[in-house]
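Reminder, nothing fancy here: chain letters follow the sequence lines and each chain counts from 1.
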There are 2 protein chains.
Amino acid sequence: MAITSHDVARLAGVSQPTVSRALRDQWGVSASTRRKVREAARTLGYVPIQAGRTLSTQTSGRIGIVSAELSNPFYPAIIEPVHDELARLGFRTILVTDRGHEPVELEPIIDGSLDGVILTTTDLDSQLPYELRRRGVPFVLLNRDTLQQEYDACVVNNTVGVWDVAKLLLGLDHQRIGAIFGPDTASTGLERRTGFARALERLGASLPNSLTFSGPFSSTTGSQGFQYLWKAKPTAIFCANDVIALGALSEAAALGVRIPKDVTLVGFDNIPMSSWNIFGLTTIGVSLEEMAMTAVGLLTRRMEDTEREVQRVTMQPLLTLRSTHGRPRALEEETR
Amino acid sequence: MAITSHDVARLAGVSQPTVSRALRDQWGVSASTRRKVREAARTLGYVPIQAGRTLSTQTSGRIGIVSAELSNPFYPAIIEPVHDELARLGFRTILVTDRGHEPVELEPIIDGSLDGVILTTTDLDSQLPYELRRRGVPFVLLNRDTLQQEYDACVVNNTVGVWDVAKLLLGLDHQRIGAIFGPDTASTGLERRTGFARALERLGASLPNSLTFSGPFSSTTGSQGFQYLWKAKPTAIFCANDVIALGALSEAAALGVRIPKDVTLVGFDNIPMSSWNIFGLTTIGVSLEEMAMTAVGLLTRRMEDTEREVQRVTMQPLLTLRSTHGRPRALEEETR
DNA sequence: CTATTCTTCGCATACTTATGCATGTCAAGC
DNA sequence: GCTTGACATGCATAAGTATGCGAAGAATAG
């Protein structure tokens with residue numbers, strides 16, 4: 001059915017290996033035969049069959065990226081720059097979806113169809129990194145880390161991030177601070193929760209359990225959490241990531257709660273949607289483009305040399321002040 | 001490096017073909033050898049190499065889905081149900097991104113690594129469908145159609161949809177109706193623009209050019225369009241899709257324009273984000289799940305029989321009334 | 001006990017591309 | 001004119017899996 005290099009060879013009057021060499025501009029084929037082969041390939045509309053290539057070269061030019069549901073806006077935001085950077089380097093991106101509740105299917109990752117993998121949704125106790133290393137599949141952790149911290153990784157300094165958020169809130173004189181946290185099964189979830197509690201404590205404030213809510217990193221968690229916390233009337237709420245914050249913001253709108261007049265809301269990650277006018281979310285994060293490029297860099301170096309030393313990059317997040325933070329209302333009225 | 005079926009064969013003391021047959025539960029291998037082979041495969045952690053399979057069977061079990069940037073929330077919303085339905089049928093989904101300004105790269109689609117393709121971002125004059133048919137790659141158009149309308153497709157009845165929107169707006173007594181349209185290069189953009197204008201006309205209203213704005217299907221178009229149209233003080237604005245409407249909504253918030261009190265806003269598609277409390281977008285659309293399942297059904301039938309008659313499905317959209325529509329302010333005050 | 005049938009397995013090969021090695025050709029140098 | 005070398009090309013084969021077909025063995029029938 002499909003056109004093969006043999007068909008091209010026949011038409012050009014050369015052998016199949018010559019076709020292979022000519023089309024890939026390899027050394028050792030004369031200008032005239034190259035022209036003939038080119039012409040024949042163009043006439044037939046020849047496209048090399050990927051499976052043949054992969055089998056022969058033991059390499060596919062494809063990189064997998066494991067990520068959660070796309071409907072969660074954080075993942076498109078991180079996948080897109082990764083995709084672009086990989087494309088720039090000549091790799092194609094294959095999306096492998098992680099359903100969260102069940103472990104990622106191993107087979108499509110280790111069946112030889114991927115040259116490397118970028119993991120964005122790793123649980124702290126995930127067996128996937130171990131398994132990939134055992135099988136010799138190059139990979140890098142992006143955003144989320146594992147407990148052992150012994151693999152190539154590019155992550156955010158969550159501890160510093162939440163510390164800065166705590167300082168921001170206390171600097172605005174907030175006393176009743178609440179928080180909506182992510183899952184403790186992810187490094188981001190755990191580090192942001194424990195880090196934020198510790199930061200408040202060290203800075204002389206506290207975070208009572210009653211002002212705390214936890215759930216998956218989804219907008220639903222944000223709206224449920226806000227609904228729950230609002231009854232306890234905090235003056236500020238830290239959300240463990242932007243998606244949660246957007247859910248909270250959305251719920252606030254439904255309840256008629258004004259942000260930041262009635263309550264301050266701060267997120268984490270600085271995803272593109274946070275800058276939409278309707279949200280204007282004050283948040284902290286690193287450049288996702290930079291993070292993506294770094295991770296891709298780590299991966300390609302790992303692919304070149306499987307034995308090289310483990311390399312880990314921790315990026316320092318920066319606050320982006322928009323319009324969801326302010327001083328507590330009581331104080332604000334006092335000042336007037 | 002990797003473990004092959006030959007390794008399994010050696011360990012189990014059988015031939016390679018027997019391994020192949022045993023692991024796929026094929027007929028003609030005794031229960032005891034099957035057990036031996038299973039055991040050996042498990043011990044070695046054998047996973048069949050996909051390239052070998054693909055080459056041998058001329059089939060990859062992978063379906064491509066061509067879609068635009070993931071940061072545009074419409075696409076995750078349509079990709080996700082497609083992915084799930086394909087997974088249910090035992091296919092893996094490969095994402096092929098369409099950069100919009102340049103034609104989709106043909107090679108990764110026709111290099112034999114895909115059994116079929118779902119096109120979601122086809123331009124009216126796209127050559128891709130023609131090329132795919134010529135090469136014998138099964139495909140189906142989803143959401144967007146081509147000018148010729150001669151390929152398998154599952155699309156929305158845009159004409160009926162915009163007609164219903166026009167009736168809704170006129171039923172609320174709106175006089176000054178504006179619109180933010182999508183690109184005329186896509187069937188959805190064109191049909192919604194011409195259809196809406198015609199519907200208003202037939203219903204005794206009109207759509208002056210000054211109350212019209214066009215751009216790509218992005219939230220930026222929505223915010224720019226709203227900014228532009230707002231100067232002309234319309235009482236209602238129809239947005240050609242939800243993403244545009246969300247952008248408009250966001251811009252309205254920034255300008256302090258109250259929705260629906262100051263202006264009514266209606267979208268098209270009914271993507272999940274439209275139901276977020278902060279948006280509460282009144283919109284029209286079909287079930288994206290149903291549309292996805294239908295498209296996948298058309299595709300699998302095409303894969304089974306390349307020669308079968310072209311089949312096209314047009315789905316009827318339904319209005320979802322939320323909280324961005326109302327009567328014009330002037331009339332509302334009059335009534336009081 | 002032979003002839004027939006069925007079951008189980010291996011041999012050979014196909015799918016397509018890439019590459020090491022051998023061969024052939026032609027020009028330049030002595 | 002013969003040797004040497006550079007260059008261009010083809011042959012043979014490798015990568016891993018699946019399958020048609022034949023052979024061998026076992027079971028059944030006569």
Side-chain angles (χ1 to χ4, degrees), chain A residues 1-38 40-41 44-62 107-108 110-115 135-137, chain B residues 1-38 40-41 44-62 107-108 110-115 135-137:
Chain A
M1 185 74 223
I3 292 124
T4 75
S5 52
H6 290 96
D7 301 323
V8 178
R10 208 173 311 123
L11 181 61
V14 297
S15 73
Q16 178 271 325
T18 300
V19 171
S20 171
R21 284 188 259 256
L23 293 181
R24 286 175 308 117
D25 277 327
Q26 248 195 16
W27 182 87
V29 37
S30 71
S32 66
T33 24
R34 180 159 303 164
R35 217 176 320 111
K36 269 193 312 188
V37 170
R38 278 262 151 70
L44 296 175
Y46 168 67
V47 171
I49 279 155
Q50 182 59 35
R53 285 217 148 131
T54 302
L55 207 52
S56 182
T57 59
Q58 303 283 71
T59 192
S60 68
R62 294 174 192 218
E107 200 169 309
I110 59 175
D111 66 359
S113 53
L114 298 179
D115 292 348
R135 306 240 174 202
V137 178
Chain B
M1 182 79 221
I3 293 122
T4 74
S5 53
H6 289 96
D7 300 323
V8 178
R10 206 172 311 123
L11 180 62
V14 298
S15 73
Q16 178 272 326
T18 301
V19 172
S20 171
R21 282 189 259 258
L23 293 180
R24 286 176 308 117
D25 278 327
Q26 247 197 16
W27 182 88
V29 38
S30 71
S32 65
T33 24
R34 178 160 306 164
R35 216 176 319 111
K36 269 191 313 188
V37 171
R38 278 261 151 69
L44 296 176
Y46 168 68
V47 171
I49 278 154
Q50 183 59 35
R53 283 215 153 136
T54 302
L55 210 51
S56 182
T57 61
Q58 304 282 69
T59 193
S60 67
R62 292 168 196 222
E107 200 169 309
I110 59 176
D111 67 1
S113 53
L114 298 178
D115 292 350
R135 305 240 174 202
V137 178

Between C:dC9 (C1') and B:Gln26 (CD): distance, integer Å = 13 Å

Atom CD of B:Gln50 and atom CG of A:Leu55: how far apart are they, to the nearest 0.5 Å?
-> 11.5 Å

Taking only residues two or more places apart in sequence or in another chain, which ones pass salt bridge (Lys or Arg N to Asp or Glu O under 4.0 Å) with A:Arg53?
-> none

Answer yes or no: does a side-chain N or O of A:Arg24 lie under 4.0 Å from OP1 or OP2 of C:dT19?
-> yes

Check side chain to side chain donor-acceptor pair (under 3.5 Å) between B:Ser60 and all other residues, then give those that pass, not counting sequence neighbours.
-> B:Asp115

Qualifying residues under side chain to side chain contact (heavy atoms under 4.5 Å, CB included), relative to B:Leu11, sequence neighbours excluded | B:Ala40, B:Thr43, B:Leu44

Below 4.0 angstrom from OP1 or OP2 of C:dT17, is there any side-chain N or O of A:Ser5?
-> yes

Roughly, in whole Å, what's the span from CD in B:Gln50 to P in C:dT16?
-> 16 Å

Describe, as an angle rounded to 10 degrees, how the axis at the first end of the helix from C:dC1-D:dG30 to C:dC30-D:dG1 is tilted relative to the axis at the last end, five pairs per end.
-> 50°

Spacing between B:Asp111 atom CG and C:dC15 atom P, to the nearest angstrom = 18 Å

Length of the CD1-P vector between A:Ile49 and C:dA14, whole Å | 16 Å

All salt bridge (Lys or Arg N to Asp or Glu O under 4.0 Å) counterparts of A:Arg35, not counting sequence neighbours = none

For B:Leu23 and D:dA18, give me the distance from atom CG to atom P, rounded to whole Å.
-> 9 Å

Apply side chain to side chain donor-acceptor pair (under 3.5 Å) to B:Ser56 and list each qualifying residue two or more places apart in sequence or on a separate chain.
-> none

Any donor-acceptor pair under 3.5 Å linking the side chain of A:Arg24 with the backbone of A:Ser20?
-> yes

Taking only the side-chain nitrogens and oxygens of A:Tyr46, find out if one of them lies under 4.0 Å from OP1 or OP2 of C:dT16.
-> no

Sorted by chain and residue number, the side chain to side chain donor-acceptor pair (under 3.5 Å) partners of A:Thr57 (sequence neighbours excluded) come out as none

For every nucleotide of nucleotides 9-15 of chain D, 5' to 3': is a protein heavy atom under 4.0 Å from its base (B), only from its sugar-phosphate (S), or from neither (-)?
-> BBBB--B

Results of salt bridge (Lys or Arg N to Asp or Glu O under 4.0 Å) for B:Arg21 - residues two or more places apart only | none

